[in-house]
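Worksheet: one structure, shown below.
Not measured: the values here are computed from a predicted model. In what follows, every chain begins at residue 1, and chains take the letters A, B, ... in the order their sequences are listed.
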Amino acid sequence: GAVVSQHPSWVICKSGTSVKIECRSLDFQATTMFWYRQFPKQSLMLMATSNEGSKATYEQGVEKDKFLINHASLTLSTLTVTSAHPEDSSFYICSAREPGRAPSEQYFGPGTRLTVT
Amino acid sequence: AQSVTQLDSHVSVSEGTPVLLRCNYSSSYSPSLFWYVQHPNKGLQLLLKYTSAATLVKGINGFEAEFKKSETSFHLTKPSAHMSDAAEYFCVVTNLITGGGNKLTFGTGTQLKVEL
């Protein structure tokens with residue numbers, strides 16, 4: 001089946017610094033990728049939807065200047081958390097969808113645990 | 001608006017006994033419903049999906065779920081649990097949102113523990 005990877009799997013950074021998380025589709029081309037955030041004991045919340053070659057669409061309440069998303073190729077999307085603060089500590093999960101698939105058919109990455117100290 | 005409620009945050013069963021993970025949904029439109037499983041350090045994997053066809057849906061690894069509109073439920077079941085079933089399970093709902101495509105709404109998850 002289709003595989004999506006994320007790198008790094010976990011990262012610790014200091015408050016005020018920026019951190020980049022990569023999401024790759026390993027054996028398929030993904031025209032659309034999604035970024036989710038998961039707090040402990042809570043459900044996944046969609047942050048943004050990115051389409052290759054165009055600007056990401058952010059969900060209400062998500063700061064686009066803080067969570068920079070780039071989807072420059074059909075196999076790679078990146079999420080950069082800028083000027084990170086402890087409240088940004090969370091589990092970030094990406095997913096990817098193949099061209100022609102139903103909008104709800106997404107393949108998920110294993111997630112990245114971000115801790116801001 | 002749409003939402004799902006997973007009624008149990010933790011479920012513990014003995015190996016070989018039935019599994020029941022409960023999910024209730026709320027949706028303004030005809031929903032599509034899914035169950036995903038997440039093993040440690042692995043991506044979420046689709047177990048099964050309901051998209052307005054047969055109300056009893058069979059998935060992978062012996063799991064199945066029944067869509068009951070009158071009860072707004074989509075409970076996940078398996079006749080006999082296996083140790084490898086221990087994982088986090090998410091109930092998910094979506095429907096067609098005008099101009100926005102399908103958006104997945106996740107439940108809070110149920111941690112399944114399988115004991116010898």
Would you say [Y] ends up clustered with [X] if hydrophobic residues are merged whenever their side chains have heavy atoms under 4.5 Å apart, either directly or through other cluster members?
X        : Y        : result
Leu48(B) : Val93(B) : yes
Trp35(B) : Val11(B) : yes
Leu44(A) : Trp10(A) : no
Met33(A) : Leu79(A) : no
Val4(B)  : Phe34(B) : no

Enclosure of Lys20(A) NZ (heavy-atom neighbours >12, cutoff 6.0 Å):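 For Lys20(A), atom NZ is not crowded (no more than 12 foreign heavy atoms under 6.0 Å).
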Flag if over 12 foreign heavy atoms under 6.0 Å of NE2, His7(A): no
Toward chain A: residues of residues 106-116 of chain B with heavy atoms under 4.5 Å: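 The stretch touches chain A at Phe106(B), Gly107(B), Thr108(B).
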Derivation of the side chain to side chain contact (heavy atoms under 4.5 Å, CB included) call for Leu104(B) and Tyr36(A): CA-CA 10 Å; Leu104(B) 301 182; Tyr36(A) 295 85; 3.8 Å; yes
Per-residue contact mode, Phe39(A) against chain B (heavy atom under 4.5 angstrom):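 Neither part.
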Part of Gln38(B) lying under 4.5 Å from any heavy atom of chain A: side chain
Partners passing salt bridge (charged side-chain N to carboxylate O under 4.0 Å, His left out) against Lys58(B) (at least two apart in sequence or in another chain): Glu64(B)
Interatomic spacing from CD in Gln38(A) to CG in Leu44(B) - rounded to 0.5 Å: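 Interatomic distance, Gln38(A) CD to Leu44(B) CG, rounded to 0.5 Å: 7.5 Å.
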Largest heavy-atom contact set with chain B, pairs under 4.5 Å, which of Glu59(A), Met45(A), Gln6(A):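 Ranked by heavy-atom pairs under 4.5 Å with chain B, first place is Glu59(A).
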